[in-house]
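Atom set for the values below is all heavy atoms of this structure, side chains included, hydrogens, waters and symmetry mates excluded. Keep in mind that this is a model prediction, so the values were computed, not measured.
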Amino acid sequence: MEQSEHLLPECFPTLHNDTFLRAARGEECNHVPVWCMRQAGRYLPEFRETRAGQDFFASCRSPEICCELTLQPLRRFPLDAAIIFSDILVIPQALGMEIRMEPGRGPVFPEPLQTPQDLQKLRSSVDVSEELGYVFRAITLTRHKLEGKVPLIGFTGAPWTLMTYMIEGGGSNTMSKAKRWLYQHPSASHQLLKQLTDVIVEYLVGQVAAGAQALQVFESHAGCLGPQQFSDFSLPYLKDISRRVKHKLKAEGLNQVPMIVFAKDAHYALEDLSQSDYEVVGLDWTIRPQEARERTGKRVTLQGNMDPCALYASKGDIEKTVKKMIEGFGRRGYIANLGHGLYPDMDPDHVGAFISAVHKYSQQKEN
């Protein structure tokens, strides 16, 4: 690349809006920062135009396309953070599994894991730079193209969530095949979860080295686990990831970055999550802000949690919902977001109304 000398981390542009990072650290901010999960998505016509005719994972492997898709919502909305366009399933791919993204079905694994013997089909060791270097290149390119406008978030799927896809062969309402492993093959389950954790740690550290300024871990399928299964098969690995990433960043002389854990529907584990060495705990829309604040104290910043479907309401009603949400969480130690990702049929103008309302109501002084 001709401009490669300009694509080094030490040459990154100065950050002009650090509100998101300060909120993640629990510091006072002029306004509550806001970003949206899946803010680079199909609800944007420009996203659909860029992706037209492109294989999904081919797009993920193109740093230029990932950069463009990441930047698109920033051109429309005054967001306080960008999140790199990628997918959580790049890790199973790095382990050697084939995945197809099929219209109307989503991700499909032609050969999912069926028995513990199938673990032998996975790569025993993964050269993360070799297998996932395209994500790192996308992050570095995007950091430069952002020109310091807002911080860039990197992310990963959590071990249990990735395990569900690898065993179910795609999406599932019950996760019964994956949960069957937990009951019938607990040792093999731990073996797989540990293998995923090892790759995730390297992957997240690589993202920071490439320029990510914060990291989010998506435990999207926590809700199908009960408290005991979550304590046995999810929480230990989430804790291991945060501990090892922080240790490795320090060992490699890299900056520590805020880490966010989003375990959807895991209300039963809120206290545990707030003490799992993540600076931020993400929340879905099924918990009251005041309750979440009471149960986590001042240990962490909270992120969330408006029901994405509230964006189908009128702009006036969106404003009322946002105002109530901010009053519930308070302005300090809070990052506004949705309780899940944006859906493809949402109106970009209503997304804009949500973002504007967060800034409007959070800049007003609390009584």
Side-chain angles (χ1 to χ4, degrees), residues 24 35 37-40 56-57 60-61 63 66 70 81-97 99 107 122-123 125-140 142-143 151-166 192-222 233-249 252 254 256-264 266 273 276-282 303 337 340-341:
W35 67 282
M37 287 182 277
R38 220 176 286 143
Q39 64 190 30
F56 178 80
F57 287 110
C60 289
R61 286 190 289 273
C66 288
T70 302
I83 183 165
I84 194 67
F85 177 79
S86 186
D87 195 88
I88 64 171
L89 298 181
V90 297
I91 288 182
Q93 284 182 324
L95 284 162
M97 297 193 78
I99 311 167
L122 301 176
R123 292 188 178 118
S125 64
V126 175
D127 183 335
V128 171
S129 296
E130 179 70 27
E131 297 297 331
L132 296 167
Y134 59 88
V135 179
F136 304 153
R137 290 189 289 277
I139 287 171
T140 301
T142 305
R143 263 297 296 275
L152 180 61
I153 304 167
F155 71 91
T156 183
W160 161 247
T161 294
L162 295 177
M163 175 178 166
T164 63
Y165 280 108
M166 294 164 75
L192 176 55
L193 292 164
K194 183 180 184 311
Q195 187 172 1
L196 287 164
T197 298
D198 290 344
V199 177
I200 287 167
V201 169
E202 296 292 332
Y203 182 46
L204 290 177
V205 171
Q207 289 186 52
V208 175
Q213 292 154 290
L215 299 169
Q216 176 151 319
V217 179
F218 285 87
E219 187 67 290
S220 307
H221 296 165
F233 295 101
S234 173
L235 187 63
Y237 298 99
L238 292 172
K239 286 181 171 180
D240 203 33
I241 288 165
S242 59
R243 179 185 61 80
R244 288 171 60 187
V245 166
K246 290 177 191 316
H247 179 80
K248 204 162 174 55
L249 289 175
E252 296 188 10
L254 295 166
Q256 295 292 332
V257 301
M259 294 183 69
I260 308 161
V261 60
F262 177 56
K264 189 173 180 296
L273 289 166
S276 59
D277 215 12
Y278 289 83
E279 286 71 28
V280 183
V281 174
Q303 177 178 279
N337 206 314
H340 200 248

Any side-chain heavy-atom pair of Pro92 and Ile99 under 4.5 Å: yes
Given Glu219, Lys264, His221, the one that forms side-chain hydrogen bond (donor to acceptor under 3.5 Å, both in side chains) with Thr161: Glu219
Smallest separation among heavy atoms of Gly154 and Ile84, with atom names: CA-CG2, 4.2 Å
Shortest non-hydrogen separation from Ala210 to Thr140 and the atoms involved: O-OG1, 2.7 Å
Worked check of side-chain contact (heavy atoms from CB on, under 4.5 Å) between Trp35 and Asn337: CA-CA 6 Å; Trp35 67 282; Asn337 206 314; 3.1 Å; yes
Closest contact, heavy atoms only, Cys66 versus Ala138: CB-CB, 3.8 Å
Among Met259, Lys246, Lys239, the one residue meeting side-chain contact (heavy atoms from CB on, under 4.5 Å) with Asp277: Lys246
Min side-chain heavy-atom separation Ile88-Phe155 under 4.5 Å: yes
Closest non-hydrogen atom pair, Val135 against Ser86: CG2-OG, 4.0 Å
Backbone of Ala81 reached by a side-chain donor or acceptor of Gln39 within 3.5 Å: yes
Parallel, tilted or perpendicular: rings of Phe85 and Phe56 (30°, 60°): perpendicular
Residue pair Thr70 / Ile83: nearest heavy atoms and the distance that separates them: CG2-O, 3.4 Å
Parallel, tilted or perpendicular: rings of Phe218 and Phe262 (30°, 60°): perpendicular
Stepwise side-chain contact (heavy atoms from CB on, under 4.5 Å) test for Leu162 and Leu89: CA-CA 7 Å; Leu162 295 177; Leu89 298 181; 4.2 Å; yes
